[in-house]
Participant: 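Mind having a look at this structure? Questions to follow.
Everything numeric in this text was worked out from a predicted model, so none of it was measured. Lettering of chains follows the sequences in order, A, B, ..., and the numbering in each one begins at 1.
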Amino acid sequence: MKKPKFDRPTFNEEVYAITRLIPKGRVSTYGAIAAAIEQTNRARMVGQALHICPAGTPAHRVVNRSGILTGKLFFGGNRMQELLEDEGVEVQDDRVVNFKTLFWSPLEEL
DNA sequence: CCCCTGACGGGCG
DNA sequence: TCGCCCGCCAGGG
């Protein structure tokens, strides 16, 4: 009884819930979301969850720790970048410009 | 059971 | 920030 079973369905819902809280024009990271639901070493699972996220989930606002749009390939073409730019987030070379200031932490700003 | 893969992250130089 | 190595962990072959 060391490790609590990994409840994929619940985990995914938690991820989507946090993701939906990311303000328009701001971005967050896989690790920050994982930390917010107390699953610090499961940043990768956050990625898996967003890969199959339901419509309406602003997954484009989630990037990696360097501000790189690691998931753009799953949006097709430049879709992820366009979605961000439509919200006023500047992107250059698959990376969020001013990432440090646009970063939104579910733990500190919630 | 072994091995590899991956929308990741921390530490180091 | 970049590159590199390594730890992490669920899935799939």
Participant: For DNA chain B, determine which residues of residues 47-54 of chain A have any heavy atom closer than 4.0 angstrom to one of its atoms, and list them numerically.
Facilitator: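 Listed by number, they are A:G47, A:L50, A:H51.
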Participant: Quick check for you: to the nearest 0.5 Å, what is the distance between A:R42 atom CZ and A:I33 atom CD1?
Facilitator: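 The distance works out to 15.5 Å.
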Participant: Output the rounded distance in Å from CE (A:M45) to P (C:dG11).
Facilitator: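 One finds 7 Å between P of C:dG11 and CE of A:M45, rounded.
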Participant: For residues A:L69 and A:V27: do they belong to one hydrophobic cluster (side chain heavy atoms under 4.5 Å, members Ile, Leu, Val, Met, Phe, Trp, Tyr)?
Facilitator: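 Hydrophobic grouping puts A:L69 with A:V27.
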Participant: In whole angstrom, give the distance that lies between atom OH of A:Y16 and atom P of B:dA7.
Facilitator: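 The answer, rounded to whole Å, is 15 Å.
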Participant: With hydrogens left out and only the distance checked, is there a donor-acceptor pair under 3.5 Å joining A:R44's side chain and the base of C:dC8?
Facilitator: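 Indeed, a donor on one side and an acceptor on the other fall under 3.5 Å apart.
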Participant: If I pick the C1' atom on B:dA7 and the same atom on C:dG13, what distance separates them, to the nearest angstrom?
Facilitator: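 So the two C1' atoms sit 22 Å from each other.
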Participant: Out of A:L50, A:D86, A:L83, which one pairs with A:H60 under the side chain to side chain contact (heavy atoms under 4.5 Å, CB included) rule?
Facilitator: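 The side chain to side chain contact (heavy atoms under 4.5 Å, CB included) with A:H60 is passed solely by A:L83 among A:L50, A:D86, A:L83.
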Participant: Which atom pair, heavy atoms only, marks the closest approach of A:N12 to A:A49?
Facilitator: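 Shortest heavy-atom contact: OD1-CB, 3.2 Å.
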Participant: State whether the number of non-hydrogen atoms from other residues, nucleotides or ligands found under 6.0 Å of A:R20 atom CZ is greater than 12.
Facilitator: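 Check passes, neighbour count above 12.
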Participant: Determine which nucleotide pairs with C:dC8, using a 3.5 Å limit on both distances of a Watson-Crick or G-U wobble pair.
Facilitator: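 Here C:dC8 is not engaged in any pair, so there is no nucleotide opposite it.
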Participant: Using the rule that two of Ile, Leu, Val, Met, Phe, Trp, Tyr join whenever any of their side-chain heavy atoms come within less than 4.5 Å, decide whether A:V62 and A:V91 are in one cluster.
Facilitator: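 In one cluster with A:V62: A:V91, no.
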Participant: Keeping A:S28 on the side-chain end and A:W104 on the backbone end, is there a donor-acceptor pair under 3.5 Å?
Facilitator: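 Answer holds: yes.
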Participant: Over all heavy atoms of both residues, which pair between A:M45 and A:R8 is shortest? Give the atoms and the distance, please.
Facilitator: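 Nearest pair, atom of A:M45 first, then A:R8: SD-NH2, 3.6 Å.
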Participant: OP1 or OP2 of C:dA10 sitting under 4.0 Å from any side-chain N/O of A:R42?
Facilitator: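 The answer is yes; a side-chain N or O of A:R42 sits under 4.0 Å from OP1 or OP2.
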Participant: Within the pair A:N64 and B:dA7, is there a side-chain N or O less than 4.0 Å away from OP1 or OP2?
Facilitator: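 So the side chain of A:N64 is outside the cut-off, no N or O lying under 4.0 Å from OP1 or OP2 of B:dA7.
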Participant: Could you grab the distance from atom CZ of A:F75 to atom CG of A:L73, nearest 0.5 Å is fine?
Facilitator: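 Nearest 0.5 Å value for the CZ-CG distance: 10.5 Å.
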Participant: Is there a chain of hydrophobic side chains (I, L, V, M, F, W, Y, each step under 4.5 Å between heavy atoms) that links A:F103 to A:L84?
Facilitator: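 Yes, A:F103 and A:L84 fall within the same hydrophobic cluster.
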Participant: Please state how far atom CZ in A:F103 lies from atom C1' in B:dG9, giving the value in whole angstrom units.
Facilitator: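 The distance from CZ of A:F103 to C1' of B:dG9 comes to 12 Å, rounded to the nearest Å.
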Participant: Under 4.0 Å from any atom of DNA chain B, heavy atoms only: list the residues of residues 20-35 of chain A that qualify, in numerical order.
Facilitator: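 A:T29, A:Y30, A:G31, in order of number.
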Participant: With the 4.5 Å side-chain cut-off for hydrophobic clustering, are A:I22 and A:I37 part of the same group?
Facilitator: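 Yes, because A:I22 and A:I37 connect within a single hydrophobic cluster, where side-chain heavy atoms sit under 4.5 Å apart.
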Participant: Starting from P on B:dA7, measure out to CD on A:Q39 and report it in whole angstrom.
Facilitator: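 The distance from CD of A:Q39 to P of B:dA7 comes to 20 Å, rounded to the nearest Å.
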Participant: Rounded to the nearest Å, what distance is computed from the CG atom of residue A:N98 to the P atom of nucleotide C:dT1?
Facilitator: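 Taking atom P of C:dT1 as the reference, CG of A:N98 is at 11 Å.
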Participant: Contact class for A:R95 vs. all strands (heavy atom < 4.0 Å): base, sugar-phosphate, or nothing?
Facilitator: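 Sugar-phosphate only.
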Participant: Could you give the CZ-to-P distance, from A:F11 to C:dC8, as a whole number of Å?
Facilitator: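 After rounding, the gap between these two atoms is 17 Å.
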Participant: Among residues 66-88 of chain A, which contact DNA chain B at a heavy-atom distance under 4.0 Å?
Facilitator: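 Of all residues in residues 66-88 of chain A, the ones placing a heavy atom under 4.0 Å from DNA chain B are A:T70, A:G71, A:F74, A:F75.
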Participant: Testing the basics here: between A:Y30 and A:N64, what is the closest heavy-atom pair and its distance to 0.1 Å?
Facilitator: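 Minimum heavy-atom separation between A:Y30 and A:N64: CE1-N, 3.6 Å.
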Participant: For A:D94 and C:dC2, what is the distance between atoms CG and C1' respectively, to the nearest whole Å?
Facilitator: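 Whole-Å distance recorded here is 16 Å.
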